[in-house]
Undergrad: 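I have a structure I would like to understand better, so I am pasting it below and will then ask my questions one at a time.
For this chain, numbers begin at 1 and follow the sequence in order. Whatever order the structure lists ligands and atoms in, that order sets their numbers, starting from 1.
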Amino acid sequence: MRRGHPWVYESSVRNQSGPGAAGDLAVVYDRHDRFLALGLWDPDSPLRLRVLHVGRPVRCDVDWWRGRLRLALERRRPWFDEATTGFRWIHGESDGWPGLVLDRYGSTLVLKIYSPVWLPRVSDLVVWLREELGPDRIVLRLSRNSQSAAAVAGYRDGQNLHGEDVAERVTFLESGLRFESEVVKGQKTGFFLDQRENRRRVETLSSGQEVLNVFSFSGGFSLYAARGGAGRVVDVDISSHALAQARRNFALNTEVASVKRAVHEQVQADAFDWLSARPSRRFGLVILDPPSLAKSEAERAGAIEAYRRLVRCGLDWVQPGGVLLAASCSAHVSSDEFYGTVREVLLGAGRPAEEFLTEGHPQDHAATFREAEYLKAIYWRLRG
Ligand code: SAH
């Protein structure tokens, strides 16, 4: 805790003064009975305490909470202008809000709760968020493990906490491109905000290229590639729902001449099968951004093997001079393991190639401790 780790496991609690309910404020004392930290108590989870504060005792009152909220908001204001109205206001532990995420999509806020410890504070949060940010709507999203406790407290996933009953999809801007986010039912909070920097990079690599976007979801990378001047963009995704969303996102941006000009094609397929076939054509840029392939530590080795396979197959689709971008959002696969795997494949592929970039978390998703680090991307240029 003193070095900033935000979790205390059940097995580390030596003594407790009472049973405590989920979300109670817990005070942690060290072995000499001195105040050490303040956190949110979860008696039903092995992750027993989520740290809010370490150091000198503080009064954890409304002013304290609002001060903490303002800190996260003020930090981000300089990073975004009116061309980007979708980004993360609060990124959990790393912002001092353990187990809580707040995303902005235009005038809609999505509050996502990953632990029942926040349920007793939802109504306070709504008041503070309305005062600080004045959103038109606030949508509540719940992780699976907090849904039953939420039901008891009268909350459900996708519910509107403030404002007009929300449409299932809202639109917002990212770098001047218009996207929709499925805030009520979509994965995470409806869009993968965390890939913004890689999307921007893709735009700069796409001029005059044919681009293959594998695991394309709602077409985020595809749209940046198109705006960057790609002649053709091909989405591959297993989900017809995701492909339809990508088509809608293209339709939202037809006033951008280069987007309108680009040929946009889609393939509905299992990417692992599809990529392993003999390439029908080769691309100047191939993007591999699969879903998390390791949901637990036990799946780590299998995930690394799956990345190896993906990169090996994906490589065949890159034309000489082209770029391969491989990304991973598996927290259980470290950046060293992921980069190591990709490098091994590339160096063993028998094609001259060079690595030119690795990319981690964007500013609004900064990770302050090891378990929070999940996002990594690596770029290689194939010379032959
Ligand atoms: N690259 C996207 C995020 C990817 S999310 C972005 O930047 O927005 C993962 C996507 O992979 C989802 O759209 C999901 O439908 C798709 N997917 C999952 N398993 C797949 C498979 N085996 N083959 C193809 N697509 C798959």
Side-chain angles (χ1 to χ4, degrees), residues 84 86-88 103 105 169 171-175 177-183 185-203 205-206 211-228 230 233-250 252-253 264-277 283 285-295 299 302-303 305-311 313-314 317 324-331 333 338 359-362 364-365 374-379:
T84 298
F87 54 84
R88 180 152 293 187
D103 284 344
Y105 296 106
R169 309 181 191 122
T171 61
F172 66 97
L173 290 171
E174 189 188 81
S175 324
L177 286 167
R178 190 164 293 284
F179 289 99
E180 65 176 40
S181 174
E182 282 198 310
V183 292
K185 291 196 186 129
Q187 297 185 55
K188 291 205 175 185
T189 61
F191 190 77
F192 289 87
L193 291 169
D194 52 4
Q195 286 289 22
R196 180 192 318 111
E197 297 310 320
N198 288 314
R199 285 192 281 267
R200 288 176 174 169
R201 180 83 49 183
V202 158
E203 179 166 7
L205 294 168
S206 295
V211 176
L212 178 62
N213 182 11
V214 187
F215 306 98
S216 51
F217 186 55
S218 56
F221 282 114
S222 303
L223 264 155
Y224 278 76
R227 188 171 66 176
V233 185
V234 180
D235 297 343
V236 179
D237 203 286
I238 202 164
S239 152
S240 58
H241 185 81
L243 292 169
Q245 226 180 329
R247 289 196 298 276
R248 285 197 299 273
N249 281 332
F250 265 81
L252 287 173
N253 291 280
H264 181 214
E265 293 174 3
Q266 297 192 312
V267 178
Q268 186 180 358
D270 179 300
F272 289 88
D273 294 346
W274 191 80
L275 281 176
S276 63
F283 292 84
L285 173 60
V286 172
I287 301 156
L288 304 173
D289 181 31
S292 174
L293 298 175
K295 295 269 179 339
E299 293 174 358
E305 196 39 50
Y307 286 125
R308 192 188 311 281
R309 200 145 48 89
L310 267 182
V311 173
C313 297
W317 294 76
L324 178 78
L325 159 54
S328 159
C329 61
S330 305
V333 176
F338 179 66
E359 183 84 74
H361 287 233
D364 57 332
H365 291 64
Y374 67 96
L375 197 67
K376 47 256 171 211
I378 184 166
Y379 295 70

Undergrad: Mind listing the closest non-hydrogen atom pair of Ala294 and Ser330 along with its distance?
TA: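 For Ala294 and Ser330, the tightest heavy-atom pair comes out as N-OG, 3.6 Å.
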Undergrad: Where does the angle between the aromatic ring planes of His361 and Tyr374 fall among parallel (under 30°), tilted (30 to 60°) and perpendicular (over 60°)?
TA: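 Ring orientation of His361 relative to Tyr374: perpendicular.
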Undergrad: Do any heavy atoms of Gly220 fall under 4.0 Å from ligand 1?
TA: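 Judged by the 4.0 Å heavy-atom criterion, Gly220 does not count as contacting ligand 1.
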Undergrad: Suppose I only count heavy atoms of Ala269 and a 4.0 Å limit; which atoms of ligand 1 are within that range?
TA: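 The list of qualifying atoms is 23 (N), 24 (C).
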Undergrad: Could you tell me which non-hydrogen atom of Leu293 sits nearest to which non-hydrogen atom of Glu299, and how far apart they are?
TA: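 Looking at all heavy atoms of both residues, the closest pair is O-OE1, 4.0 Å.
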Undergrad: I need the Arg88 CZ to Asp194 CG distance, nearest 0.5 Å.
TA: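 Going from CZ on Arg88 over to CG on Asp194, the span is 7.0 Å.
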Undergrad: Number the atoms of ligand 1 from 1 as they appear, then name those within less than 4.0 Å of a heavy atom of Pro291, with their elements.
TA: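 Near Pro291, meaning under 4.0 Å from one of its heavy atoms, ligand 1 has 9 (C), 11 (O), 18 (C).
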Undergrad: Polar contacts were defined as any N/O atom of the residue lying under 3.5 Å from an N/O atom of the ligand; does this apply to Asp289 and ligand 1?
TA: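 Asp289 vs ligand 1: N/O contact under 3.5 Å present.
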Undergrad: Quick check: closest heavy atoms across Leu252 and Phe179, and the distance to 0.1 Å?
TA: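 Here Leu252 and Phe179 meet closest at CD1-C, 4.1 Å.
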Undergrad: List every atom of ligand 1 that sits less than 4.0 Å from any heavy atom of Asp270, numbering the atoms from 1 in the order shown and giving each element.
TA: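 Answer for ligand 1: 22 (N), 23 (N).
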Undergrad: For atom 8 (O) of ligand 1, which protein heavy atom lies nearest, and how many Å away is it?
TA: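 Protein heavy atom with the smallest distance to atom 8 (O) of ligand 1: Phe217 CD2, 3.6 Å.
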Undergrad: Closer than 4.0 Å to some heavy atom of Ala271 - which atoms of ligand 1 meet that?
TA: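 Within the 4.0 Å cut-off of Ala271, ligand 1 contributes 21 (C), 23 (N), 24 (C).
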Undergrad: Between Val236 and ligand 1, does any nitrogen or oxygen pair lie at a separation below 3.5 Å?
TA: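 No, since none of the N or O atoms of Val236 sits under 3.5 Å from an N or O of ligand 1.
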Undergrad: Can a cation-pi geometry be assigned to Arg247 and Phe250, taking NZ or CZ under 6.0 Å from the six-membered ring centre and within 45° of the ring axis?
TA: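 So Arg247 doesn't make the cation-pi contact.
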Undergrad: What do you reckon, does Phe215 have a nitrogen or oxygen under 3.5 Å from a nitrogen or oxygen of ligand 1?
TA: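 N/O-N/O distance below 3.5 Å exists for this pair.
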Undergrad: Where's the contact between Phe191 and ligand 1, heavy-atom distance under 4.0 Å: side chain, backbone, both or neither?
TA: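 Contact part for Phe191 vs ligand 1: neither.
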Undergrad: To check your reading of the model: name the closest protein heavy atom to atom 25 (N) of ligand 1, its residue, and the distance in Å.
TA: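 Residue, atom and distance for the closest contact: Ile238 N, 3.1 Å.
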Undergrad: At a 4.0 Å threshold, what atoms of ligand 1 neighbour a non-hydrogen atom of Ser239?
TA: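 Selected atoms, number and element: 15 (O).
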Undergrad: Answer with side chain, backbone, both or neither: which part of Phe192 has a heavy atom less than 4.0 angstrom from an atom of ligand 1?
TA: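 For Phe192, only side-chain atoms sit under 4.0 Å from ligand 1.
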Undergrad: Search all heavy atoms of Phe191 against all heavy atoms of Ser218 and return the closest pair with its distance.
TA: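 Smallest heavy-atom distance, with atoms named: CE1-OG, 3.6 Å.
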Undergrad: Got an N/O contact under 3.5 Å between Asp237 and ligand 1?
TA: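 There is such a contact, yes.
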Undergrad: Would you call Arg199 a ligand 1 contact, heavy-atom distance under 4.0 Å?
TA: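 Arg199: in contact with ligand 1 (<4.0 Å).
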Undergrad: So, are Lys188 and Asp103 salt-bridged, with charged N and O less than 4.0 Å apart?
TA: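 Looking at Asp103 together with Lys188, the answer is no, because their closest N to O distance does not fall below 4.0 Å.
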Undergrad: Kindly give the heavy-atom pair with the smallest separation between Tyr307 and Ser328, and that separation in Å.
TA: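 Taking Tyr307 first and Ser328 second, the nearest heavy atoms are OH-OG, 2.9 Å.
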Undergrad: Between Arg200 and Glu197, is there a salt bridge with N-O shorter than 4.0 Å?
TA: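 Looking at Arg200 together with Glu197, the answer is yes, because their closest N to O distance falls below 4.0 Å.
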